[in-house]
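A short worksheet on the structure shown next.
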Amino acid sequence: MPELPEVETLRRGLEPLVIGRRIEELICRVPKLRQPLEPAWNAGVAGQKILAVGRRAKYLLFELERGSLVLHLGMSGVLRLLNAGIEPQKHDHIDLRLDQNQVLRFNDSRRFGLLLYLETNPFDHPLLKKLGPEPLDFLLPCDYLFTATRHRRVAIKNLIMNQQILVGVGNIYASEALFAASIDPRRPAESLTKNEAIHLLAQIQKILQQAIEAGGTTLKDFRHSDGKPGYFRQQLQVYGRRGEKCRCCGQKIQQLVLGQRSTYFCSRCQH
DNA sequence: ATGGGCACCTGGCTGC
DNA sequence: TGCAGCCAGGTGCCCA
């Protein structure tokens with residue numbers, strides 16, 4: 001479910017609540033999410049303090065004293081801090097039992113999520129190693145996307161969702177950023193001019209930033225660590241608005257499928 | 001190397 | 001009311 005803004009919102013909510021807290025036990029109630037959960041992890045994790053809560057792409061990183069926990073929410077993952085003693089509900093797959101009688105509980109109905117405990121540098125893990133740059137890194141050159149689109153014939157929407165090119169953009173914000181940049185999502189990436197590519201990256205950055213400030217987008221099940229919804233949904237211009245009027249020109253928003261994902265755009269505003 | 005398609009899952013909604 | 005079919009915020013792998 002979550003794209004970069006939702007994961008970052010969760011990270012910011014969690015950070016002040018869990019830093020310095022000791023993990024007493026790691027409880028896994030399912031054998032696997034995207035990858036198997038190792039029973040031996042509990043022995044490694046138990047007793048360690050959480051030193052920091054970081055993020056890389058859509059992965060949450062809990063930095064511990066001797067390793068790190070890497071968590072991906074997949075499509076439907078929800079992580080919440082609860083008081084101990086609350087009975088696990090359906091799809092409550094993982095508990096991180098903390099000191100002070102609290103529990104970090106991971107619920108994920110579709111089980112596309114992922115948890116890893118690593119005692120090596122998490123950035124060297126194959127899943128993280130291949131990731132592209134962070135869009136909100138101020139060191140990212142403004143023409144990065146122009147360079148990345150050269151000789152790429154895929155639809156530009158697919159390219160900006162490719163986590164090896166640029167991380168954090170998922171299906172909602174891809175449609176939104178392309179609308180903001182007035183670019184047709186079906187255009188071959190290589191057909192973008194330098195100005196268009198620079199403008200598109202700037203719009204991606206702006207929209208991700210705005211979404212973070214609004215606390216993310218709540219569609220169905222995204223909630224902050226405190227259970228409150230995000231407020232970016234009201235600001236969506238095209239996503240989920242098929243048949244509704246474009247807020248810019250009044251034309252009906254169209255929906256099509258690109259890379260097996262629903263794509264929304266305005267055929268009058270986007271070229 | 002690139003791009004397209006599929007697989008992994010469950011749940012909610014739609015339409016017959 | 002019941003149920004089949006489709007859709008959903010992600011991503012790794014396989015194949016042409």
Side-chain angles (χ1 to χ4, degrees), chain A residues 1-10 29-37 55-60 70-79 89-94 106-116 125-132 147-178 185-191 204 207-208 211-212 214-224 229-243 255-264:
Chain A
M1 74 74 171
E3 303 182 33
L4 186 150
E6 289 72 41
V7 180
E8 178 61 20
T9 297
L10 177 61
R29 300 186 190 85
V30 286
K32 73 185 273 285
L33 295 171
R34 236 166 76 197
Q35 292 187 7
L37 299 162
R55 179 188 60 73
R56 173 75 174 105
K58 301 172 191 171
Y59 292 89
L60 263 187
V70 179
L71 182 71
H72 194 292
L73 303 180
M75 291 273 260
S76 54
V78 178
L79 186 66
Q89 309 290 306
K90 199 170 186 185
H91 307 305
D92 280 344
H93 302 311
I94 296 170
F106 182 65
N107 178 292
D108 183 11
S109 58
R110 293 178 74 180
R111 276 187 274 135
F112 290 166
L114 173 79
L115 179 76
L116 298 170
H125 189 279
L127 290 178
L128 302 198
K129 198 151 194 165
K130 285 182 292 184
L131 293 170
T147 310
T149 51
R150 296 309 86 187
H151 312 294
R152 299 296 296 253
R153 272 175 266 182
V154 273
I156 183 62
K157 178 180 179 247
N158 294 355
L159 183 125
I160 61 175
M161 289 177 65
N162 181 339
Q163 303 297 299
Q164 297 186 26
I165 305 267
L166 189 69
V167 303
V169 178
N171 204 34
I172 298 181
Y173 299 117
S175 281
E176 293 297 312
L178 286 159
R186 299 166 291 187
R187 291 255 309 269
E190 64 182 0
S191 75
I204 289 171
I207 280 172
L208 294 178
I212 291 170
T217 301
T218 299
L219 290 185
K220 287 192 206 130
D221 42 17
F222 172 72
R223 288 291 184 279
H224 294 192
Y231 292 99
F232 195 72
R233 185 178 190 175
Q234 290 109 315
Q235 296 178 47
L236 296 180
Q237 301 298 306
V238 288
Y239 186 86
R241 298 190 65 237
R242 177 181 61 179
Q255 179 185 20
L256 52 79
V257 175
L258 281 177
Q260 296 102 240
R261 310 298 300 276
S262 268
T263 305
Y264 300 85

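Below, read A as the first sequence line, B as the second, and so on, with proteins coming before strands; counting in each chain starts at 1.
- Taking atom NZ of residue K32(A) and atom P of nucleotide dT10(B), one finds them 11 Å apart after rounding to whole Å.
- When rounded to the nearest whole Å, the span between NE2 of H91(A) and P of dT10(B) equals 7 Å.
- Residue whose closest nucleotide on DNA chain C sits further toward the 5' end, between Y59(A) and Q255(A): Q255(A).
- Residues N107(A) and K90(A) have side chains that never bring a donor and an acceptor to within less than 3.5 angstrom of each other.
- Annotation: dA1(B) and dT11(C) have their P atoms spaced 22 Å apart (nearest Å).
- The phosphate of dT10(B) has neither OP1 nor OP2 within less than 4.0 Å of any side-chain N or O from S76(A).
- For dT2(B), neither phosphate oxygen OP1 nor OP2 lies less than 4.0 angstrom from any side-chain nitrogen or oxygen of R153(A).
- N162(A) places its CG atom 14 Å from the P atom of dC13(C), with the value rounded to the nearest Å.
- In this structure, F112(A) does not count as stacked on the base of dT11(C) under the 5.5 Å centre distance and 30° plane angle limits.
- Between F106(A) and H93(A), the ring centre distance reaches or exceeds 6.0 Å.
- Counting non-hydrogen atoms under 4.0 angstrom, L127(A) reaches the backbone sugars and phosphates but no base.
- Residue H151(A) is classed as having no contact, given no heavy-atom separation below 4.0 Å to the nucleic acid.
- The distance from atom CZ of R34(A) to atom P of dT10(B) is 17 Å, rounded to the nearest whole Å.
- The nearest whole Å value for the distance from the CD atom in Q260(A) to the P atom in dA7(B) is 11 Å.
- Between the side chains of Q255(A) and S262(A), at least one donor-acceptor pair of N or O atoms lies under 3.5 Å.
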DNA chain C in dot-bracket form (Watson-Crick or G-U pairs under 3.5 Å, [ ] crossing, | inter-strand) is .|||||||.|||||||

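- An OP1 or OP2 oxygen of dG11(B) is reached within less than 4.0 angstrom by a side-chain nitrogen or oxygen of K90(A).
- A centroid separation of 6.0 Å or more is found between the aromatic rings of Y239(A) and F232(A).
- Comparing G259(A) and R110(A), the nucleotide of DNA chain B nearest to each residue sits closer to the 5' end for G259(A).
- The H72(A) side chain lies nearest to dG10(C) when the options are dG10(C), dA8(C), dG12(C).
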